[in-house]
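One-based numbering, in listed order, for ligands and for the atoms of each.
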Amino acid sequence: MRTCVGCKRRALIGELLRVVAVAGRVVVDERRRLPGRGAWLHPDPDCLAKAERRRAFPRALRAAGALDAAEVREHVGRTEAPRTTHHEPGTSPGSRGSKEAGRPVMSQP
Ligand SMILES: [Zn+2]
């Protein structure tokens with residue numbers, strides 16, 4: 001079990017992305033074989049955003065300065081579901097994506 005540097009939740013290694021610092025950049029260690037300190041992150045843009053906001057990468061990777069996480073951003077960006085606005089004629093836009101439509105509205109007490 002490893003802790004995601006973004007959401008701080010523990011997860012299996014197989015569910016996380018290993019990243020290492022190379023020459024001031026955060027690179028994705030897809031084979032989990034690169035030497036040095038690694039940080040673990042869910043392949044999730046939300047977790048990446050959280051990690052960047054709290055500067056988790058330089059801290060976790062013991063980097064002296066800021067690290068460029070562009071490669072990680074590109075990597076996790078790919079896992080995002082493509083947003084398609086296109087729909088076939090005859091299908092109503094509300095017929096699918098019930099998750100979106102059925103999102104519960106929390107009422108404040
Ligand atoms: Zn996470």
Side-chain angles (χ1 to χ4, degrees):
M1 297 287 276
R2 300 284 159 149
T3 305
C4 169
V5 293
C7 63
K8 296 282 173 183
R9 254 174 261 155
R10 285 160 74 77
L12 298 169
I13 284 174
E15 294 170 1
L16 298 168
L17 209 60
R18 185 175 190 256
V19 298
V20 295
V22 177
R25 291 165 56 232
V26 188
V27 299
V28 178
D29 181 10
E30 292 198 63
R31 292 194 175 85
R32 304 187 180 98
R33 285 166 57 173
L34 292 176
R37 276 190 84 85
W40 298 83
L41 180 79
H42 282 114
D44 184 319
D46 278 351
C47 289
L48 174 61
K50 281 177 192 152
E52 286 195 290
R53 209 171 304 142
R54 64 163 75 103
R55 294 179 223 283
F57 289 129
R59 212 184 306 152
L61 301 171
R62 300 281 160 93
L67 292 169
D68 178 9
E71 188 183 313
V72 186
R73 210 172 300 133
E74 201 183 291
H75 192 97
V76 302
R78 261 183 254 143
T79 66
E80 224 175 350
R83 225 169 281 164
T84 43
T85 47
H86 164 261
H87 61 93
E88 284 76 43
T91 42
S92 84
S95 66
R96 62 173 176 174
S98 52
K99 238 183 222 169
E100 297 270 304
R103 192 171 286 167
V105 180
M106 296 295 187
S107 54
Q108 298 290 336

Donor-acceptor pairs under 3.5 Å, side chain of residues 10-23 to any protein atom, not counting sequence neighbours: which ones?
{"from": "Arg18", "atom 1": "NH1", "to": "Asp29", "atom 2": "OD2", "distance (Å)": "2.6"}
{"from": "Arg18", "atom 1": "NH1", "to": "Leu34", "atom 2": "O", "distance (Å)": "2.8"}
{"from": "Arg18", "atom 1": "NH2", "to": "Gly36", "atom 2": "O", "distance (Å)": "2.9"}

Review point. Do Val28 and Trp40 belong to the same hydrophobic cluster, where Ile, Leu, Val, Met, Phe, Trp and Tyr are linked whenever their side-chain heavy atoms lie under 4.5 Å apart, directly or via other members?
Key: no
Review point. Counting no waters, how many protein N/O/S atoms sit under 2.8 Å from the Zn ion (ligand 1)?
Key: 4
Practice item. Using modelled atom types only, decide if a donor and an acceptor are shared between the side chain of Arg37 and the backbone of Ala60 within a distance under 3.5 Å. Key: yes
Check your understanding: Which heavy atom of Gly65 sits nearest a heavy atom of Pro58, and at what distance?
Key -> O-CB, 3.6 Å
Revision key, fill the gap. Applying salt bridge (Lys or Arg N to Asp or Glu O under 4.0 Å) to Arg54 and not counting sequence neighbours gives none
Exercise for review: Not counting sequence neighbours, which residues clear side-chain contact (heavy atoms from CB on, under 4.5 Å) with Asp68? List them please.
Suggested key: Arg25, Ala70
